[in-house]
J.: 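Dropping a structure here in structure tokens format, bear with me for questions.
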Amino acid sequence: MKTPLVELPVQTAEGEFLARYSENGLVELDFPKAGRASSRAEKKKLVPAKILGWHALTSTALKNILAGRAAKKLPPLDWAGKTEFQKSVWRALLKIPAGGTKSYGEVAAAIGRPKAVRAVGGACGANPIPVLVPCHRVLAANGKIGGFSGGLDWKRRLLASDDTL
DNA sequence: CTCCGCCTACCAA
DNA sequence: TTGGTAGGCGGAG
């Protein structure tokens, strides 16, 4: 069976994000979804203190980034089940500072696979923890926006707050 | 093995 | 500039 996940909401000015945790850390972070509004106060009582602690880190990091500040401290990220390639791409993304950007090609070069450009795009799209793992800071080589699984609106919004430095 | 994608560089209009 | 294209690579089925 699978590791049970604990879901906890994060209220932000942009809406309610939803974080999912395993016993090893943050597994997923979802963008606010219309129709899912605040109706989930749920189980909170049964949530281990460990996870509540991580969630506090997730919340502050998320709010900091949305406000154009650096995330500072992140909870442990649980990338279990993901491929090495994806993990190396995401690790590289974590190194992009707020306000900075890289092209897919640069990320590919950074992980030692200069030709795996398109595959990097694939890994970005598979990123389960947007915002904290800043896939939005990766642009196309021509400086254009590129794509974004969470919707280009979000990508633009996130880049805009990044610029608030 | 085949098909697809948050890419790119290149060539033709 | 815009548009079509072929190469290259990892992931999913």
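We name chains A, B, ... by the order of the sequence lines, and we start the count at 1 in each one. These figures come from a predicted structure and were not determined experimentally.
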J.: Starting from C1' on C:dA12, measure out to CD on A:Q86 and report it in whole angstrom.
T.: 11 Å

J.: What is the ring orientation for A:F17 with A:W154, classed by angle as parallel under 30°, tilted 30 to 60°, or perpendicular over 60°?
T.: perpendicular

J.: Return the value, rounded to whole Å, for the distance between atom CG of A:N127 and atom C1' of C:dG10.
T.: 16 Å

J.: May I have the distance from A:N142 (atom CG) to B:dC10 (atom P), rounded to whole angstrom?
T.: 14 Å

J.: Within the structure shown, what part of the strands sits under 4.0 Å from A:G146 by heavy-atom distance: base, sugar-phosphate, or nothing?
T.: nothing

J.: If only atom types and distance count, is the side chain of A:R69 paired as donor or acceptor with the main-chain N or O of A:A67 below 3.5 Å?
T.: no

J.: Closest to the A:A119 side chain: C:dG10, B:dC6, B:dT8?
T.: C:dG10

J.: Where the side chain of A:T83 is concerned, which of C:dG11, B:dT8, B:dC6 is the nearest nucleotide?
T.: C:dG11

J.: Does the C:dG10 base have a donor-acceptor partner in the side chain of A:R113 within less than 3.5 Å?
T.: no

J.: Among C:dG10, B:dC6, C:dG11, which nucleotide sits nearest the side chain of A:C124?
T.: B:dC6

J.: Could you give the CD1-to-C1' distance, from A:I129 to B:dC6, as a whole number of Å?
T.: 18 Å

J.: Without swapping roles, check the side chain of A:K155 against the backbone of A:V138 for a donor-acceptor pair under 3.5 Å.
T.: yes

J.: Rounded to the nearest angstrom, tell me the gap between atom NZ in A:K144 and atom C1' in C:dT2.
T.: 10 Å

J.: Whole-Å distance between C:dG11 P and A:R118 CZ?
T.: 15 Å

J.: Partner lookup for B:dT8, please. Criteria are Watson-Crick or G-U wobble with both distances under 3.5 angstrom; report none if nothing qualifies.
T.: C:dA6

J.: What is the nucleic acid contact for A:F85, judged by heavy atoms within less than 4.0 Å: base, sugar-phosphate only, or nothing?
T.: sugar-phosphate

J.: Please tell me which of the listed nucleotides, B:dC6, B:dT8, C:dG11, lies nearest to the side chain of A:C135?
T.: B:dC6

J.: B:dC6 P sits how many Å from A:K155 NZ, rounded?
T.: 11 Å

J.: For A:K102 and B:dC7, give me the distance from atom NZ to atom C1', rounded to whole Å.
T.: 16 Å

J.: To the nearest 0.5 Å, tell me how far A:L57 CG sits from A:L62 CG.
T.: 12.0 Å

J.: Among A:L93, A:T58, A:L94, A:N127, exactly one meets side-chain contact (heavy atoms from CB on, under 4.5 Å) together with A:L132. Which residue is that?
T.: A:T58

